[in-house]
Amino acid sequence: MQLSTKHLLGIRDLTRRDIEIILDTALQFKQVLQRPVKKVPSLRDVTIVNLFYENSTRTRISFELAEKRLSADTINFTAAGSSAAKGETLLDTVNNILSMKVDMVVMRHSASGAPHFLAKHIPAAIINAGDGINEHPTQGLLDAFSMREKTGRLEGLKVAIIGDIMHSRVAMSNIQLLKKVGAEVMVAGPPTLIPKYIQQAFDIRVEYNVRKALEWCDVANVLRIQLERQNQVLFSSLREYNLAYGISKRLLDSLSKEIVIMHPGPINRGVELDSDVADSKQSIILQQVENGVAVRMAVLYLLSGGRELN
Amino acid sequence: MNEQQLSITIKRLSHQVLENHINLENTVIIGIQPRGIFVSDQMVREISQLIAPAKVEYGKLDITFYRDDIRKELHVPNHTDIPFSIENKNVVLIDDVLYTGRTIRAALDALLAFGRPAKVELCILIDRRFSRQLPIQPDYVGKSIDSIISQKVKVFWKERDGKEEVVLM
């Protein structure tokens, strides 16, 4: 049993079978996390560096926890407070870290393609923990895992991805993954935040009316409005965005069926999701976070194998 | 070993376990995934006919994440299902073939993640003697065989392979 790829740079490189192997392995790791001893010795002799050039709460903690539950040795690197601030290049930084004998690199960077660049230059296995507006593959995988856990299937599942599609790496990973496993995908939000090419590029539905999108879907994956990546005015105000595209409890209750609400976090409460929706019974936002650890354990486990000691 | 011999051996093993653990008082049975389950399933069926089925506590243990050969080869993990506490219990571990002892080493490791058992015993259908790489010995043995490394021992099960027999290849 082996994945078809040596790195996890994006969902783009995975086959449907890879995705299934990862999700099934994650299921077993989720069980491990419910034992009295939540740790397995699988990666006892593996050293992993967490390279975070961009801010992160969930992903970093989740990766770190996953690594520790697998008994790997970990090093944490954050750009702030490192020599990156003195002008050291990415490749130099990584090569210096690798010369200390590191086996795997978990990396987040604000530039799209940064992990792909590294993969060409260094021998360690690289896991993309989010690169710019390109992909966030482990988020895509954990979203799929949570959808499958909650609804029991992925094939034929109707998923609406709502909000800031244009700046969202989570959307890119979600769309590609869901298409690969046979789910139906719709993106919804204001026209200024949905790229024009997206319908053709991925063969998905596009909807500009959030109520219609919610009526259609089984699962709504709501994305954060990424103000830090928007360098021009794409909608008039957050308040207006909330009125037109935000999801309120009243809107949710008025639907003809009960749908599942997801959000990759961090939530802008009162913008894309109202507080009472985020905390409602239909929301599985905290389960997503819980599943994140199991999914990341599966990815690390599957990418660590097959290397002989020399 | 043909189907009839296999079924007699499994009956005997079940009786031997009961002999040492009357009514399975404070004793649980755990089969090792994936192929030990075929032995343990049949033994549990046998034991359930001899004592009250409600007394039988039966779990399944997957050892994939505890293996010492992860660097050589990745294995597909199976389901672990131990719906009871093993703290201070006697545990009878069941597997089909005992060869190098590495699987059992991993199983002992995996078991400790669920608590501290009072005692662990090992029940094996086929014991390949003189091939151990670790100091591990079984407490209950179906059949001992002498084999060389190039040989393989294969146990076939009706549910999975259509026939029921043990073959030395």
Side-chain angles (χ1 to χ4, degrees), chain A residues 1-6 8 17-48 66-72 101 103-104 124-125 145 293-310, chain B residues 28-37 57-91 93 100-118 120 133-134 136 160:
Chain A
M1 182 195 65
Q2 197 88 55
L3 296 184
S4 66
T5 150
K6 201 180 142 241
L8 180 64
R17 186 166 152 63
D18 290 336
I19 294 168
E20 278 161 4
I21 291 176
I22 294 172
L23 297 186
D24 290 345
T25 307
L27 196 62
Q28 304 309 327
F29 277 120
K30 179 151 192 197
Q31 227 177 39
V32 169
L33 294 175
Q34 280 149 7
R35 292 179 191 169
V37 178
K38 297 173 188 57
K39 197 167 172 147
V40 291
S42 307
L43 301 194
R44 220 168 359 198
D45 48 0
V46 175
T47 310
I48 305 174
E67 288 151 7
K68 296 217 152 95
R69 299 285 196 227
L70 287 165
S71 310
K101 303 280 175 270
D103 305 290
M104 300 174 92
F145 183 88
V293 179
V295 168
R296 289 179 175 115
M297 283 172 86
V299 169
L300 291 164
Y301 171 77
L302 290 168
L303 289 178
S304 72
R307 295 169 304 113
E308 291 271 2
L309 281 175
N310 38 20
Chain B
V28 302
I29 290 176
I30 290 178
I32 298 178
Q33 288 273 28
R35 299 198 70 99
I37 299 302
E57 287 194 297
Y58 173 37
K60 297 168 185 176
L61 181 65
D62 180 61
I63 58 133
T64 311
F65 302 135
Y66 296 85
R67 299 181 71 102
D68 57 8
D69 55 359
I70 285 177
R71 278 193 182 258
K72 289 186 183 158
E73 191 187 355
L74 284 180
H75 294 261
V76 190
N78 291 288
H79 196 68
T80 291
D81 175 28
I82 301 184
F84 44 78
S85 159
I86 62 165
E87 195 73 25
N88 282 326
K89 300 263 180 72
N90 301 312
V91 175
L93 272 181
T100 61
R102 287 182 190 266
T103 303
I104 305 304
R105 199 280 313 153
L108 289 171
D109 224 8
L111 204 56
L112 295 182
F114 292 88
R116 182 179 184 274
V120 182
Q133 293 168 356
L134 294 169
I136 282 169
R160 188 187 157 117

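Chain A is the first sequence line, chain B the second, and so forth, proteins listed ahead of strands; every chain is numbered from 1.
Under the 30°/60° scheme for interplanar angles, the aromatic rings of F65(B) and F29(A) are found to lie parallel.
Contacts of K38(A) with chain B are absent, with no heavy-atom separation under 4.5 Å from either backbone or side chain.
Residues R35(A) and A113(B) come closest through the heavy atom pair CB-O, 4.2 Å. Contact detail for L112(B) and V37(A): the closest heavy-atom pair is O-CG2, 4.0 Å.
Interface with chain A: from residues 78-89 of chain B, residues N78(B), H79(B), T80(B) qualify, criterion being any non-hydrogen pair under 4.5 Å.
Contact check for Y66(B) versus P41(A): side-chain heavy atoms found under the 4.5 Å cut-off.
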